[in-house]
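Notes to accompany the following structure.
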Amino acid sequence: MEPLDRDLEEGLLELPSEPMMLNMGPSHPAMHGTVRIVLELSGEMIQKADVQIGYLHRGFEKMCERGTWTQIFPYVDRCNYVSPMLNNVGFALAVEKMLGVTVPERCQYYRVVLGELARLCDHMICSGAMCMELGAFTPFLYFARAREIIWDIFEEETGARVTHSFGRVGGMANPPTKYFKDMVRAGVPRVLQLISEGEKLLLKNRIFLDRLENVGVMSKEDALALGWTGVVLRASGVPYDVRRAHPYLVYDRMEFDVPVGTTGDNYDRFMCRQEEIRQTARIIEQALDQMPDEGPINIDDPRIVLPPKQEVYTTIEATIQHFKIVMEGIKVPAGECYSYTEAGNGELGFYMVSDGGGTPYRVRIRPPCFATTQGLEQLITGLMIPDVVPTFGSLNMIGGECDH
């Protein structure tokens, strides 16, 4: 044992002052997809963060350029696998913009209802997953149960629960089923009830509120500078919603409010999503009331829309039409366009170039998550390590569209 009066050099008494490096992810349970954050820490305080989005879906745009226009739908499904119907609709609208065609009114309402149902799924899973990552597992079960109700509707309509590939250029794969309106009218109130019950477990919970309020604050000016759109931008106080600012389909006939936050913190992002769920239910109800029960779903153009299957089997004309669309693809006029819609996480844009052939010459996507994720470093710098979990969860990054 050393004597107490031993003389020590001054340097040996000083604690190391250099920051500690810590890798958070990509296998961390709170890191969505393939994200890895390299943190520089002073104690538990984050001094610097290097956010790396990893590799999940790279090559999506080049894969699109190798298929026909119609064959792209399965790819856009997987960009945001939480609300693929919104991606289907967004891509179909982009190609129809290049073709200069407009789908029948019944199809426009059908797309609005299906898209808004997908938005419900998107917001519920984001809110539920964030709660679960904070240890609140029961509310996640409420939200997941509500999502199951919507997935049952999607399964009846499209034949698939998760990735539907149901959109088509010039319409949809099939018309609404006989019981579509009844299913939605019965399902949405049950969804809202489960959402309310889940909220009761959260909004008076002191721990939950302390983890969200005044944590991960983003100002209005910084959100705009980062190119944020969607819920995260509206939570910072900017009432920009593509459905209201630049209406498409029949959104100009819908009455709904655009919820905005005041602080731009985790709590505002959570509450904006919750309120948007209720506004989405309003849109669905109006669209169902206005949607015609009869009428065509697809445009009447044999150069764009596949013929009915029965005619393909029985007539040579339909067989040739089917063959040319499948093998050669729809002939989109030469030119370029940028089309954008309000997806689950914000503005989803497609920039495409056509050389007049059946295959796109160039496809570029503007995924909302990419702009959102670039603000994560700014959000978490200066916070504690545990604050990364709710802050990252409130952004709702989807790896499929972020790493495009």
Side-chain angles (χ1 to χ4, degrees), residues 53 56-65 67 69-103 108 111-112 114-116 118-119 122-123 165 167-169 223-234 236 238-252 258 276 332-333 335-354 359-375 395-404:
I53 60 176
L56 180 66
H57 202 179
R58 188 145 295 185
F60 153 76
E61 291 158 330
K62 284 301 169 191
M63 286 190 289
C64 291
E65 295 167 9
W69 295 93
T70 306
Q71 289 172 337
I72 294 175
F73 282 102
Y75 294 135
V76 297
D77 259 354
R78 285 150 182 80
C79 282
N80 187 339
Y81 34 78
V82 186
S83 53
M85 192 62 77
L86 286 167
N87 289 29
N88 272 208
V89 172
F91 177 73
L93 287 172
V95 182
E96 288 159 9
K97 186 176 182 180
M98 298 190 76
L99 287 165
V101 300
T102 304
V103 296
Q108 296 188 41
R111 285 179 174 180
V112 166
L114 292 177
E116 294 304 317
R119 193 184 313 279
D122 203 300
H123 286 355
S165 301
R168 294 290 184 274
V169 178
L224 288 170
L226 287 165
W228 279 15
T229 55
V231 174
V232 291
L233 177 65
R234 294 190 283 272
S236 294
V238 181
Y240 175 71
D241 188 314
V242 178
R243 298 172 296 175
R244 178 60 58 81
H246 308 284
Y248 53 96
L249 295 173
V250 290
Y251 280 109
D252 57 338
V258 179
E276 284 197 10
V332 175
E336 60 183 342
C337 88
Y338 177 73
S339 176
Y340 51 102
T341 56
E342 182 71 27
N345 286 316
E347 181 178 317
L348 172 68
F350 289 98
Y351 169 72
M352 297 189 294
V353 180
S354 172
T359 299
Y361 182 74
R362 284 288 180 271
V363 174
R364 292 291 182 269
I365 185 173
R366 192 269 179 204
C369 282
F370 192 78
T372 302
T373 307
Q374 70 177 338
L395 297 184
N396 195 28
M397 191 223 66
I398 303 294
E401 68 176 20
C402 186
D403 177 27
H404 61 287

- line: Nearest heavy-atom contact between G90 and S339 is O-OG, 4.5 Å
- request: Provide the closest heavy-atom pair for C79 versus I398 in the form atom of the first, atom of the second, distance.
  value: O-CG2, 3.6 Å
- prompt: Between L249 and R243, is a side-chain contact (heavy atoms from CB on, under 4.5 Å) present by the stated rule, with each step listed?
  reply: CA-CA 9 Å; L249 295 173; R243 298 172 296 175; over 6 Å; no
query: Can a salt bridge be assigned to the pair E65 and R362 using a cut-off of 4.0 Å between side-chain N and carboxylate O?
result: yes
query: Does V89 reach the side chain of T341, with side-chain heavy atoms less than 4.5 Å apart?
result: no
Side-chain (T229) to main-chain (E347) donor-acceptor, under 3.5 angstrom: yes
message: Donor-acceptor check, side chain of E61 to backbone of I365, threshold 3.5 angstrom: yes or no?
response: yes
message: Ignoring hydrogens, what is the shortest heavy-atom contact between L226 and A371? Give both atom names and the distance.
response: O-CB, 3.8 Å
task: Using a 4.5 Å cut-off on heavy atoms from C-beta on, say whether the side chain of H246 contacts that of Y240.
output: yes
- prompt: Y340 versus L348: any side-chain heavy-atom pair under 4.5 Å?
  reply: no
message: Less than 4.5 Å apart, side chain to side chain, heavy atoms only: is that true for F370 and C402?
response: yes
task: Indicate the atoms forming the closest heavy-atom contact of G67 with Q71, along with that distance.
output: CA-OE1, 3.3 Å
field: R111/V103 under side-chain contact (heavy atoms from CB on, under 4.5 Å): CA gap, chis, key distance, verdict
entry: CA-CA 10 Å; R111 285 179 174 180; V103 296; 3.7 Å; yes
query: Are any side-chain N or O atoms of D77 and backbone N or O atoms of S165, one a donor and one an acceptor, separated by less than 3.5 Å?
result: yes
Y251 side chain near E116 side chain, heavy-atom distance below 4.5 Å: yes
- request: Please tell me if the side chains of L86 and F91 come closer than 4.5 Å, counting only heavy atoms from C-beta onward.
  value: no
query: Does F350 reach the side chain of V76, with side-chain heavy atoms less than 4.5 Å apart?
result: yes
field: K97 vs M352, side-chain contact (heavy atoms from CB on, under 4.5 Å): CA-CA, chis, key distance, verdict
entry: CA-CA 11 Å; K97 186 176 182 180; M352 297 189 294; over 6 Å; no
Polar contact flag, side-chain donor to acceptor under 3.5 angstrom, Y351-E336: yes
query: What heavy-atom pair brings C369 and M397 nearest, and what distance separates the two atoms?
result: SG-CA, 3.8 Å
- prompt: Shortest non-hydrogen contact from P360 to I72?
  reply: CG-CD1, 3.6 Å
task: Could you tell me whether the side chain of W69 and the main chain of V169 form a donor-acceptor pair under 3.5 Å?
output: no
Under-4.0 Å salt bridge between E401 and R78: no
message: Less than 4.0 angstrom from a charged side-chain N to a carboxylate O is my criterion; do E342 and R234 meet it?
response: yes
task: Report yes if some heavy atom in the side chain of R366 is under 4.5 Å from a heavy atom in the side chain of Y338; otherwise report no.
output: yes
Test log, rule side-chain contact (heavy atoms from CB on, under 4.5 Å), inputs N345 and T372: CA-CA 9 Å; N345 286 316; T372 302; 5.8 Å; no
field: No-hydrogen, no-angle side-chain donor-acceptor test under 3.5 Å, Q108 and Y248
entry: no
message: Within the 3.5 Å criterion, strictly below it, is a donor on D122 or N396 matched to an acceptor on the partner's side chain?
response: yes
